[in-house]
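Here's the structure we're looking at; comments come further down.
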There are 2 protein chains.
Amino acid sequence: MRPTVHDIAAEAGVSLATVDRVLNRRPGVRRQTVEKVENAVTRLGYVRDVTAANLARRRVYPLVFIIPSGPNSFMRVLESEIASAMARSGVERTAIRIETVPPFDPAAIVRVLDALDPKQVSGVALVATDTPEVRAAVDRLSDQGVQVATLVSDLPGSRRVHFCGIDNVAAGRTAGNLIGRFCGGRSGKVLVVAGSMNLSDHMDRAAGFAAVLGREFPGLDIVGPIETNDDADTVRDAVTSALDQVSDIIAIYNLGAGNRGLIEALAHRRDRTLSVVAHEVTEHSRQALSDGVFDAVINQDCGHEVRSAIRVLKAHADGISPLSEQERIRIDIFLRDNLP
Amino acid sequence: MRPTVHDIAAEAGVSLATVDRVLNRRPGVRRQTVEKVENAVTRLGYVRDVTAANLARRRVYPLVFIIPSGPNSFMRVLESEIASAMARSGVERTAIRIETVPPFDPAAIVRVLDALDPKQVSGVALVATDTPEVRAAVDRLSDQGVQVATLVSDLPGSRRVHFCGIDNVAAGRTAGNLIGRFCGGRSGKVLVVAGSMNLSDHMDRAAGFAAVLGREFPGLDIVGPIETNDDADTVRDAVTSALDQVSDIIAIYNLGAGNRGLIEALAHRRDRTLSVVAHEVTEHSRQALSDGVFDAVINQDCGHEVRSAIRVLKAHADGISPLSEQERIRIDIFLRDNLP
DNA sequence: GAATTTCTGAGGTACGTAAATCAGAAATCC
DNA sequence: GGATTTCTGATTTACGTACCTCAGAAATTC
């Protein structure tokens, strides 16, 4: 049986009330006595029964998720994952609110962040546009005691406590490695399509991709990246005209969203054998994989990301540091055959 | 606020004791009254507070993990994952015991299974050799009310409640797809190395691999599978002699263990460009990936598998069916660049 | 040494559920 | 219709922790 507060009180030779004061860092205990209790805790290997504690204190964690609105499939999947986390609110003692903001609009994010009442919110998770204003707003909120985590795209240099997402440089390298091998020694050009260079995830992927191609596949030259603001129609038009104008494109890497546009652009040309790698498993990309239009899709499990964000924000709100092992999000590679 | 048992008692117009009897399926309640309570439950949307319930009933789940002994790195990783689950026992209200048995020894598994006291064990997770004796022993245990889950390798047709592992046919297909593409249109032979055809995971992988190669890459012919009993030295010797005897091997798929032997066999021959795909991220395979000896490693997250097994066994012990979504184990593909 | 201030102990209630006891109501049997 | 059996209600204790109050001990100040 694991020890309880009663055991500690007995071991330390103090009363239950004193143990409680020490454990919950309440004032009114002499330094000496604090040490006696803390020694007893380590001697007995006491760990607080979090479930009993939460039951007793009727704690709820008010959390806010800020995500882009718009047709981006990945963001809609993310939203549905947050929704299903909301359904578990009762069990997990969370009170989750979703705030959607127009995509690529830093000012809108800042407005939402600044409108939050630090006393009413214990944590915020946001898909951040990487600009100074957003960073400043995050830091303001952090300073007021609100735990902030970035989701999907990071805000390096800010006072966010955690980034819930993948290592995007490694994801870009992975894409480079895949495309390099799929091209099997052929030479030619690789078209890179991106959403926005204001998103740190897109920037990182582009950098990782370029690094691998430059180092390991010198026969492949990069065209782009083209910026599309993650708009499918823009992607379609840009890819179509690139394929028309540049003759020796043998591979395409879409490191942003708008896969629908990419699929549409490729639908017309069955003539050439293009290696295509994209990101995020959605309705469209899943179909493209099984049709053989995409060769591989790199994915981040956004269900895992949302659950991780909640765990991390709760832990930080309680002053605990979360288990890093469980919070690392993997870079998934999906081919047609291992699609979940 | 979510409703409590008190609210239900009030809503149904019965006492707390009756609600408790209905919720916990204890006898002594008239059919009519049961319905009244159940209606109140659905009307109010009551869900039991599992943490409070566990607190009150001081429930612990005695679980047994049965895994092979021996030098197999993957199994040792699995063991360490179980060990870290044991460290969480206090929090998760489990009492986990590990039983190691000699690998490829069905009789040993049967002995351990039969020695278990059904009254003292609520669940068992085992890495099963797929033989009739083992299946019979599992069924006997199931009939005595012990929940059994298979781990890593399944026991199809048995009365196990769940398989905690990957879809190994799909894993084999994935390997086939990767090797096919990595070979980039070249023709030649692919050496397939397996551990034992008494392991259903190995059988499934071989089948999936062969299916994809036959259907999509007609230029590639399979040599093998060679059976090695997952012994590294056997793998080394078998691969070495196969490479000596068969001239046009251009790829190797090791669908079992013993990666160390494969690496040793390849260390001597830098002359040819072999595509190599293996299973499970371990110390050896990780090194081989970053050295460029292996091109890809297909992995199952055994930390996830162990955690899933615990959740599933606990849920079944309580007569609850677990959320299938969270319990699906992914087929991870790792290249050098997305190694965790 | 008296008056403070600071610390500590004892005791209680609460969280939501499980489980037990016991008394009494309702249904069933003879 | 009385005896039995089956059902139901009321009440209590417990789980491990949080948090509150109040009395009194100990240390500090004047």
Side-chain angles (χ1 to χ4, degrees), chain A residues 1-38 40-41 44-61 89-95 314 317-320, chain B residues 1-41 44-61 89-94 314 317-320:
Chain A
M1 280 314 248
R2 45 197 289 229
T4 73
V5 276
H6 296 87
D7 300 324
I8 297 190
E11 175 81 10
V14 301
S15 81
L16 211 64
T18 304
V19 173
D20 183 61
R21 287 180 189 116
V22 174
L23 288 180
N24 294 296
R25 304 183 189 290
R26 271 189 281 274
V29 184
R30 221 184 324 170
R31 175 181 274 284
Q32 265 185 323
T33 318
V34 171
E35 279 172 14
K36 274 203 294 185
V37 173
E38 283 173 346
V41 166
L44 296 185
Y46 169 82
V47 268
R48 173 202 255 109
D49 184 329
V50 188
T51 62
N54 283 337
L55 180 63
R57 67 153 67 105
R58 270 170 304 176
R59 181 117 161 72
V60 286
Y61 301 82
S89 274
V91 186
E92 298 181 349
R93 296 176 196 283
T94 52
K314 283 171 74 174
D318 288 338
I320 308 165
Chain B
M1 278 315 248
R2 47 197 289 227
T4 73
V5 276
H6 296 87
D7 300 324
I8 297 190
E11 175 80 10
V14 301
S15 81
L16 211 63
T18 305
V19 173
D20 184 59
R21 288 182 189 115
V22 174
L23 288 180
N24 294 294
R25 305 184 189 290
R26 270 189 282 272
V29 184
R30 221 183 323 170
R31 177 179 273 283
Q32 263 185 325
T33 319
V34 171
E35 277 172 16
K36 275 203 295 185
V37 173
E38 283 173 346
N39 285 337
V41 165
L44 297 185
Y46 168 82
V47 269
R48 168 201 259 113
D49 184 329
V50 188
T51 61
N54 282 338
L55 181 62
R57 67 153 65 108
R58 271 170 305 179
R59 181 116 162 72
V60 287
Y61 301 83
S89 273
V91 186
E92 297 181 351
R93 296 174 196 282
T94 52
K314 283 170 73 173
D318 289 339
I320 308 166

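Letters A, B, ... are given to chains in the order of the sequence lines, protein chains preceding strands, and every chain is numbered from 1. Keep in mind that the numbers below use all heavy atoms, side chains included, and drop hydrogens, waters and symmetry copies.
Counting only distance, with no hydrogens or angles, the side chain of B:D7 and the backbone of B:T4 share a donor-acceptor pair below 3.5 Å. Distance alone, capped at 3.5 Å, is enough to place a donor-acceptor pair between the B:N39 side chain and the B:E35 backbone. A donor-acceptor pair under 3.5 Å is absent between the side-chain atoms of B:D20 and the main chain of B:L16, judged by distance alone.
Within 4.0 Å (heavy atoms only), B:N54 reaches no atom of the nucleic acid at all. When heavy atoms are screened at a 4.0 angstrom cut-off, A:R21 is found touching base atoms of the nucleic acid. When heavy atoms are screened at a 4.0 angstrom cut-off, A:A17 is found touching base atoms of the nucleic acid.
The NE2-C1' distance, from A:H6 to D:dC15, rounds to 10 Å in whole Å.
Comparing the local axis fitted to the first five base pairs of the helix from C:dG1-D:dC30 to C:dC30-D:dG1 with the one fitted to its last five gives a bend of 30°, rounded to 10°.
Under 4.0 angstrom from either OP1 or OP2 of D:dC15 there lies no side-chain N or O belonging to B:R57. Taking only side-chain nitrogens and oxygens, B:S15 never comes nearer than 4.0 Å to OP1 or OP2 of D:dT8. Distances shorter than 4.0 Å separate none of the side-chain N or O atoms of A:T4 from OP1 or OP2 on D:dG16.
Donor-acceptor pairing under 3.5 Å, judged by distance alone, is absent between the side chain of B:R58 and the base of D:dG16.
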